[in-house]
Chemist: 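Could you have a look at this structure, given as structure tokens, before my questions?
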Amino acid sequence: MVGLARGSTHPTDDFRVSVGRAPPAKFPMNVLEQLRRAFVAATPEGGDPAAFALAVRPSTDPKFGDYQANGCMAIAKAAKKNPRELALEVAKVVDLAPMAGPPEVAGPGFLNVRLSDDWIARQLGDLLVDEKLGLSFPEHPKTVVVDYSSPNVAKPMHVGHLRSTVIGESLARIYSALGHKVIRDNHLGDWGSQFGMILWGWKNHRDEAAYAANPVAELARLYKLAQARIKPGETLRERYGKAISLDEAGKSAEARALFAKLAEGTTDTFEDVARKIAEARDVADATRAETVKLHAGDYENRVLWDQFMPHCLAALQAVYDRLDIKHDVHLGESFYDPMLADVVKDLETRGLAVESEGATVVFSEGFKAPFIVRKRDGAYNYATTDLATIQYRKATWDPDLLLYVVDHRQGDHFKQLFAVAKRWGYDGIAMEHVAFGTVLGQDRRPYKTRDGDVVGLESLLDEAIAEARKVVDENSAHLPEGQRRHVAEVVGLGAIKYADLSQNRMSDYVFDMARMVALSGNTATYLQYAYARIQSIFRKAETTPEAIRAARPPIALSNPAERALAVRVLRYPETLEFAAGELKPNILTDYLFDLANAYSTFYQECPVIKAESPERRDGRLALIDLTARTLRAGLSALGIGVVDEM
RNA sequence: GUGCUCGUAGCUCAAUUGGAUAGAGCGUCGGCCUCCGAAGCCGAAGGUUGCAGGUUCGACUCCUGCCGAGCACACCA
């Protein structure tokens, strides 16, 4: 990353630390945090306490205990001491009571911590009556603006929009669950060149009957029509552009010769290609002209815009409703349009923006290309809009953190934007581009159906729900129709969201319908299934979670599967904070899968209702109640629901 | 050409940011339903982490150089 030299801190470090150091609420149950505090107090001479604390982690292997402190080796190296001896000293000094006894020194200087069974059991007892499952809200909550989904209103949403929408919603929910103030902002593309295409289409090719019947479908058709008239010509120009230019410059013979060379292996003729390119250019110019008119306040275009927008927004909202996604604000490009002139003026006044090749631009160190805030033709662009957006957000919400959940292809743009914004005076706000890869098909090309259209988001949702419905009908025929339908929706949509959230790599995303709607293995279904089985046990046990919570039965951890499950439950707070700090929902999905897996093993080995005694039975009911609540809360933070029966 | 992102099991992906024997799912093979839901559990096979060097107690992770992939490179967003 630009501006982040090797060895410098992660851009959200400040933020993460402040979250991690959230003061303890009534129940300070972030186990990792507690251990870190204990180890900080035992930092060896010459060591950095913060780094020493950070080196405390969950163990990589159960045989090394539950947590391990790895900081002694680094300190020993710097101080030229023997790491094992240093570790022995720390082990003697560190006070982990009542969480654990003295850590065990292993290997070159690892300190292994095994939590006390009694302590775990007591913690679980407290968690049982803690609505927040051990989360402690910060004394000074941060304000976070999450900018996500942000589709172009004129185009139908397709699978490519899913990632931003699903990941952004999850991050919003995670920060919210941690007690921060979150503003979910849908930065709609409602003012750009795509509207020029629609306006052009409307004026030249509209079908009023079709518009009356389904406005959005008709607008989408017009948009596609404009694209179809422009795209092929542009593709041809990429190949033959030089030849055409020569011809236009009067060098006809040279042009033909070059064309013949470029056209080798095709049936293209010069006249045909030249005509198509010219046509495409004419249409492109015409659509651009419509955009310019709209921006200039042209009455007719503005009226059409006002007429189209409600339909577009309603269509988007229908998709968001299905996905259970609720933005707090929908402030699109058009909203910021009136502010753009002042933004540029201010940049100029401060000497940040300068004239270059007719345009107004901001140069930043480390970037070759300038940041264009006013084009040569006087129009503003997305760079200006994005700056205005930061200004507005600062004035309106005074945020601590801005998250942009946007395709990684805009990485350069955001780097420049952040650099300019900081120099403009917004250096107090942490800004992060939460990037992700492009959606591709299994052939590693952009995902398309047979007829060449990108798969619509809604048909993907339908497909997933239908797949879930098949399994529901097969496995749960006893459930009434309405319930089966509901279960299919929760399971189907959960599958899609989880498939996206469990993978947060930067590399391009290979879309695979079968995997997207898969209902076995590491899927949301697995977690939902574990949850439903727990509810089933409660139904059969003829008691309720409420009754168990009120009774607060002692929880015993005699069985290894029981203990493993208990430790997983305790790790919910630290995992959620970790996921938030790293901006990676897949950290949460990994944890939840691990939790559900621990439960499944427990379920296999530890009878609940038929436990050896009523005390053991109630203790296990308490444990699985905690498990269920953690699964539900974790899934909720991913934007995924649960059902009691499925 | 410059920059960004990446390369891990047959496939899709993890790996807590330098920690101990690189883990899951799918697929394959083998066990488990007279026992709280088999959308499940248990086990097996499968790896020179693209290649070659380097840094150190220790490298998928950091450095250098190659190979390969995707993306972006002023006035689209």
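In what follows, every chain begins at residue 1, and chains take the letters A, B, ... in the order their sequences are listed. Being a predicted model, the structure only gives us computed values, none of them experimental.
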Chemist: Could you work out, with side-chain hydrogen bond (donor to acceptor under 3.5 Å, both in side chains) as the rule, every residue matching A/R484, not counting sequence neighbours?
Modeler: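 So A/R484 forms a side-chain hydrogen bond (donor to acceptor under 3.5 Å, both in side chains) with A/D473.
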
Chemist: Give a yes/no on whether any side-chain N or O of A/K470 is located under 4.0 angstrom from OP1 or OP2 of B/A39.
Modeler: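 Checking B/A39 against A/K470, no side-chain N or O comes under 4.0 Å of OP1 or OP2.
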
Chemist: Between A/E33 and A/R36, does any NZ, NE, NH1 or NH2 come within less than 4.0 Å of an OD or OE carboxylate oxygen?
Modeler: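 Salt bridge between A/R36 and A/E33, a charged N being under 4.0 Å from a carboxylate O: no.
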
Chemist: Can you check the distance between B/G10 and B/C33, where both ends of the measurement are the P atom (answer in whole Å)?
Modeler: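 Here B/G10 and B/C33 have their P atoms 33 Å from each other.
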
Chemist: Mapping A/L111 and A/Q410 onto RNA chain B by nearest heavy atom, which one lands closer to the 5' end?
Modeler: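 Here A/L111 is the residue nearer the 5' end.
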
Chemist: Dot-bracket notation for RNA chain B is requested: 5' to 3', Watson-Crick or G-U wobble pairs only, both distances under 3.5 Å, with ( ), [ ], | and . as defined.
Modeler: (((((((..((((.....[...)))).(((((.......))))).....(((((..]....))))))))))))....

Chemist: State which residues pass ring pair (Phe, Tyr, Trp, His ring centres under 6.0 Å) with A/Y591; sequence neighbours excluded, sorted by chain then number.
Modeler: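 Result, ring pair (Phe, Tyr, Trp, His ring centres under 6.0 Å) vs A/Y591: none returned.
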
Chemist: Between A/D407 and A/Q194, which has a closest nucleotide on RNA chain B that is more 5'?
Modeler: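 Here A/D407 is the residue nearer the 5' end.
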
Chemist: According to a strict under-4.0 Å criterion, is A/R409 in side-chain N/O contact with OP1 or OP2 of B/A77?
Modeler: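 No, outside the criterion.
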
Chemist: Set out, line by line, the N/O atom pairs under 3.5 Å between protein and nucleotides 21-28 of chain B.
Modeler:
residue : atom : partner : partner atom : Å
B/U21   : N3   : A/K63   : NZ           : 3.2
B/U21   : O4   : A/K63   : NZ           : 2.2

Chemist: Residues in ring pair (Phe, Tyr, Trp, His ring centres under 6.0 Å) with A/F335, at least two apart?
Modeler: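 Applying ring pair (Phe, Tyr, Trp, His ring centres under 6.0 Å) to A/F335 gives A/Y392.
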
Chemist: Which pairs, protein N/O on one side and nucleotides 7-11 of chain B N/O on the other, fall under 3.5 Å?
Modeler:
residue : atom : partner : partner atom : Å
B/G7    : OP1  : A/R505  : NH2          : 2.4

Chemist: Is it true that A/E562 and A/R620 have a side-chain N and a carboxylate O under 4.0 angstrom from each other?
Modeler: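 A/R620 and A/E562: salt-bridged.
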
